[in-house]
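The block underneath contains the structure these notes are about, expressed in C-alpha cells.
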Amino acid sequence: MGLVPPAVGQISAASNTILGLPSKQTVASTGSHKRTIDMSLPGNEQHTNPDHAHLLATKWLNANKLADLVKEEGLVYKKGKFSAIEEQQLRAAIENYQHEKELSDAQLQEIIFTKNDRNRDNVFWSEITAAVPLRPIIAIYHHVRRTHHPLTKQGSWQDHEDVLLKQAVTDLGQQWEKVSARVGRRAADCRDRYRNHIVNREIRVTGPWSREEEDKLTRIVTDMTLKQGKDPDNDVFWGKVSELMGGTRGRQQCRIKWTDALSKTVKNEGQKPRWGQQDAYILVHKIDSLNVRDDTEIDWKLIPDADWNLWSAHTLQRRWLTLKKSVKGYEDMTHQEIMDILRIKKAHLPTPPSQTNKKKKERRVVSAASVNEPSDPKDDEVAGSANGAADDDSTDSAD
DNA sequence: ACGCTAGGTAAGGGTAATTATCATGA
DNA sequence: GTCATGATAATTACCCTTACCTAGCG
C-alpha cells in the first residue's frame, strides 16, 4: 500500500516564451482595459497624469467610478497588497503630518478614527494619500484605519474569547462593531474568526483530506469553473464551495487544498507534479526580469504563464520565499543583492545526473489521493502532450 | 426639497506566517 | 545511522476591495 509511481517532474521546456517575460506590471485591474506601468524604471510614478493623482488623492471614488475612469480616461491606479516601499511612504507622510501640525499621538488617533465629523481635518487623508503614488484615497483610508487600530494584531484567539464571540453574535447578530465592543477585538477580526472558525465548528474536520473529500472538492470546483468556461484559479467562490462541502471544511481549507495541491494535479492530468531545479531556474529568471526594487512589489498573478502553467501564483510566491531564505543572510540584504546571488546560484539548467537509470525512492504517501493510483499506461500520452517532450529519464533528472 | 458625496459598516474574496511532517542526499 | 536542507501539507491570523447604506451639505 501507499506506493505511487515516481512523480512526474516539471518538464515543460525552458523556451524563449518562458523567458521572454513581461517587464511591466499591471496596475489597475478593474475594467476590461488593463493599464500597465513600467516598474523597471526608477521613479516610474512620475509617469502618472498629475490630474489623476489629484483625483485619486481627493475624491472618494467607489469601485464603479474608478472602473469608469479607467475605461474612459485611462486612469491608472494600483490595487493589491501594499509593498514595503508604499508602507514606508505612508509612514513617513503620517509622521510628517503629525510633526508639522505638532500633534500628540492621541490627537493623531483622533483624526484617524473620528466619526462623522464634517469639521474634521480632511487635509490629512488627502495629504497622506498624495504621498503614495497611484493609490485611491479610500484604499489609504481603510489601510490606515486598520493598521492604526488599537485592537489590531492580538494574535491567537483564546477559548474564552471564542465563547464571548459566540455569545455576542447570538445576542447581537452580525453587527460587528457592537460585537467588537464586547469581545475586545477589531470588528473585522471578529467577523473573520466567526466565519472561519465558529460557524460549523461542531462538524468541522481538520487534518489530512480523505480521497473522497478530495474528489468532492475537485468536482465542486470544476463544476463551478471549467464546465462554465471560467478560470479555476480565479473564479471560485470559496464560501460557496465550503457550503457545498457540507460545511465540514472551511473556505480557507478548501481554497488552500485546491490551489496548492489539487489544481496542479488536475492540470497535470491526474499526476502530482513535483517542483524541480528547472522550475527554480525559470522562477529566478522570471523574477529577475521584472526589475522590481523589492519583492513586495511583484504582482504574482503575472508570473505563471501558458508554457509553464502547473504552478499557481500562490505556489510560486511561496516557492520564491523558500528560494530567498536559502540565501545566507538574506534578512539583511536588498532585493537586488539577493537576486545577484540567486542568479549565479541558478545560472544553469541542471545537468542530468550520471546515473540516469537510478530508480528514485518511492514517495511515501501523505495524501490519501495518492493511494490507489495505479501505474497508468496513459503516462506515455501525458509525456507527449501537455508537458512537452520528455521521457522517463529526463523526468528523473529533473531532480 | 433633493441630489450627491463623504465615509461608516458589513460582506466578499484573498494571502502571509508558522508549524509539523516527510524526503532526500551527503 | 544521522544530520542538514528542502518539499509538502495544514492551520489561522491578517489583509484588501466592494457593496450597501445614510447623514448632512450645497
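Residue numbers begin at 1 in each chain, while the letters A, B, ... track the order of the sequences. Computed from a prediction, not measured in an experiment: that's the story for all the values here.
When the side chains of ILVMFWY residues are joined at heavy-atom separations under 4.5 Å, either directly or via intervening members, A/Leu172 and A/Val183 end up in a single hydrophobic cluster.
Comparing C/dT12, C/dC14, B/dG14 by their closest approach to the side chain of A/Arg193 singles out C/dT12. For A/Gln175, taking side-chain heavy atoms from C-beta onward, the closest of the listed nucleotides C/dC14, B/dA10, C/dT11 is B/dA10. The side chain of A/Arg191 lies closest to B/dG12, out of B/dG12, C/dT11, B/dG14. When distances are taken from the side chain of A/Lys65 to each of B/dT5, C/dT11, B/dG14, the shortest belongs to B/dT5. Considering only the side chain of A/Arg249, C/dT11 comes nearest among C/dC14, B/dT9, C/dT11. Candidate nucleotides C/dC14, B/dG7, C/dT17 were compared by shortest atom distance to the side chain of A/Trp60, and B/dG7 ranks first. For A/Glu177, taking side-chain heavy atoms from C-beta onward, the closest of the listed nucleotides C/dA19, B/dA10, C/dC15 is B/dA10. Out of B/dG14, C/dA9, C/dT11, the shortest distance to the side chain of A/Lys257 is found at C/dA9. Side chain of A/Lys59, nearest nucleotide from C/dC15, B/dA6, C/dT18: B/dA6. You'll find that the side chain of A/Trp209 is closest to C/dA10, out of B/dT15, C/dA19, C/dA10.
Whole-Å rounding puts the A/Ile138 CD1 to B/dT9 P distance at 13 Å. Regarding A/Asp189, its CG atom lies at a distance of 19 Å from the P atom of B/dG14, rounded to whole Å. The separation between A/Arg186 atom CZ and C/dC15 atom P is 7 Å, rounded to whole Å. Computed from coordinates, the A/Asn62 CG to C/dC21 P distance equals 14 Å when rounded to whole Å. Distance, A/Lys78 NZ to C/dT17 C1': 14 Å, rounded to whole Å. One interatomic measurement links the two molecules: CD1 of A/Ile140 to C1' of C/dC15, which rounds to 14 Å at whole-angstrom precision. Here B/dG12 presents its P atom at 14 Å from OH of A/Tyr194, a figure rounded to the nearest Å. Rounded to whole Å, the distance from CH2 on A/Trp176 to C1' on C/dC20 is 17 Å.
Note on A/Arg211 versus A/Glu214: no salt bridge recorded, every NZ/NE/NH1/NH2 to OD/OE distance being 4.0 Å or above. Under a 4.0 Å N-O distance rule, the pair A/Asp260/A/Arg255 does not qualify as a salt bridge.
In this structure the side chain of A/Ser83 reaches within 4.5 angstrom of the side chain of A/Glu86, judged on heavy atoms.
Residue contacts for A/Gly250: at a heavy-atom cut-off of 4.0 Å it reaches no nucleic acid atom on any strand shown. Contact annotation for A/Gly80: backbone-only contact, meaning every heavy-atom pair under 4.0 Å involves sugar-phosphate atoms and none involves a base. Among the heavy atoms of the strands, none lies under 4.0 Å from A/Ala188.
Remark: the A/Asp192 side chain and the C/dC15 base include a donor-acceptor N/O pair separated by less than 3.5 Å. Side-chain atoms of A/Arg251 stay outside donor-acceptor range of the base of B/dG12, with no qualifying N/O pair under 3.5 Å.
Proximity of A/Arg135 to the phosphate of C/dT17: a side-chain N or O atom is located under 4.0 Å from OP1 or OP2. Phosphate contact (OP1/OP2 of C/dC15, side-chain N/O of A/Lys153, threshold under 4.0 Å): present. Side-chain N/O atoms of A/Ser156 include none lying less than 4.0 angstrom from OP1 or OP2 on C/dT12. For the pair A/Gln253 and C/dA10, the criterion of a side-chain N or O lying under 4.0 Å from OP1 or OP2 is not met. When the side-chain nitrogen and oxygen atoms of A/Lys79 are compared with OP1 and OP2 of C/dT18, one or more of them lie within a distance under 4.0 Å. For A/Arg195, no side-chain nitrogen or oxygen approaches OP1 or OP2 of B/dA11 to under 4.0 Å.
The cationic group of A/Arg135 lies under 6.0 Å from the six-membered ring centre of A/Phe82 and within 45° of the ring axis, placing it in a cation-pi geometry.
Note: A/His149 and A/Phe113 meet the aromatic proximity criterion, with ring centroids under 6.0 Å apart.
The aromatic rings of A/Trp176 and A/Tyr194 sit tilted, their planes meeting at an angle between 30° and 60°.
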